[in-house]
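Each remark here refers to the structure printed beneath this line.
Keep in mind the model is a prediction, meaning the values are calculated, not measured. FYI, the numbering just counts along the sequence from 1.
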Amino acid sequence: MGNLRIPVVLYSAVISTMGIFALNLRTAISEKTFWVLIGGVLLFILSDTMIALNKFKFQVPYAPIAIMSTYISAQAAIVWAGLRLKLDNISVIQPPNGNK
């Protein structure tokens, strides 16, 4: 990774934090919205993992298609979950309190 080591580590920390924050919404949002959100987050992490593997380790088979299909699916799921929260008038500003 050379001079990209620090940016890659920082970006990995940010992506991991996103995943942790999404997991922490488990009791604050509806079950369906939670699972769509988690699916989107996991697809996003998978997409970025494939980018890193393709750049630093080995050629990922069908990389452009695999990366873009997981990325677009991830964004669609995350946006859907965000819109669902807005339509359900759910605020996640406050810490989750166990109520749905």
Side-chain angles (χ1 to χ4, degrees):
M1 286 190 285
N3 62 350
L4 292 178
R5 183 174 302 277
I6 291 173
V8 168
V9 168
L10 290 174
Y11 186 70
S12 297
V14 169
I15 296 299
S16 297
T17 301
M18 175 188 66
I20 292 166
F21 282 5
L23 285 172
N24 283 333
L25 293 174
R26 175 66 184 102
T27 59
I29 63 179
S30 75
E31 186 172 354
K32 180 179 180 181
T33 302
F34 172 77
W35 287 113
V36 171
L37 177 62
I38 290 300
V41 167
L42 291 175
L43 285 170
F44 190 85
I45 291 170
L46 177 61
S47 172
D48 280 4
T49 300
M50 285 190 287
I51 291 170
L53 289 173
N54 201 52
K55 180 158 183 70
F56 299 115
K57 292 290 183 187
F58 58 86
Q59 278 300 118
V60 174
Y62 305 102
I65 294 169
I67 291 166
M68 287 311 295
S69 62
T70 54
Y71 178 77
I72 291 168
S73 299
Q75 294 302 314
I78 292 168
V79 167
W80 182 91
L83 290 173
R84 189 75 255 157
L85 292 174
K86 181 69 174 167
L87 291 173
D88 292 344
N89 201 27
I90 295 174
S91 172
V92 292
I93 301 294
Q94 298 297 320
N97 62 6
N99 296 328
K100 290 185 180 179

Point to revise | Side chain proximity check, L37 to L25, heavy atoms < 4.5 angstrom | key: yes
Check your understanding: Which of these, L53, N54, V60, sits in a side chain to side chain contact (heavy atoms under 4.5 Å, CB included) with K57?
Key -> L53
Revision key, fill the gap. Shortest non-hydrogen pair, V41 vs G19, comes out as CG1-CA, 3.7 Å
Check your understanding: Would one find more than 12 heavy atoms of other residues, nucleotides or ligands at under 6.0 Å from atom CZ of F58?
Key -> yes
Check your understanding: Hey, any chance V9 and I45 share a hydrophobic cluster, counting ILVMFWY side chains that come within less than 4.5 Å of each other, even indirectly?
Key -> no
Check your understanding: OH of Y71 to CE of M50: how many Å apart, nearest 0.5 Å?
Key -> 13.0 Å
Point to revise | Shortest non-hydrogen contact between F44 and I15, atoms and distance | key: CE2-CD1, 3.2 Å
Point to revise | Minimum side-chain heavy-atom gap F34-L23 below 4.5 Å | key: yes
Check your understanding: Can you name the residues that form a side chain to side chain contact (heavy atoms under 4.5 Å, CB included) with V8, not counting sequence neighbours?
Key -> M1, L4, S12, F56
Point to revise | Closest approach of A74 to G40 (non-hydrogen atoms, all atoms of both residues) | key: CB-O, 3.2 Å
Practice item. Keeping the roles fixed (side chain from S47, backbone from L43), state whether a donor-acceptor pair exists under 3.5 Å. Key: no
Practice item. Tell me whether L85 is reachable from I78 by hopping between hydrophobic residues (I, L, V, M, F, W, Y) whose side-chain heavy atoms are closer than 4.5 Å. Key: yes
Check your understanding: Would one find more than 12 heavy atoms of other residues, nucleotides or ligands at under 6.0 Å from atom CG of L10?
Key -> yes
Practice item. Find out whether V36 and R84 are in side-chain contact, i.e. whether some heavy atom of one side chain is under 4.5 Å from a heavy atom of the other. Key: no
Check your understanding: Would L42 and W35 show up in the same hydrophobic cluster when neighbours are defined by side-chain heavy atoms closer than 4.5 Å?
Key -> yes
**Study point:** Nearest atoms (heavy-atom pairs only) where A66 meets T70
**Key:** O-OG1, 2.9 Å
Practice item. Report yes or no: do I51 and L46 belong to one cluster of Ile/Leu/Val/Met/Phe/Trp/Tyr joined by side chain heavy-atom distances under 4.5 Å? Key: yes
Review point. Any side-chain heavy atom of Y11 sitting closer than 4.5 Å to one from D48?
Key: yes
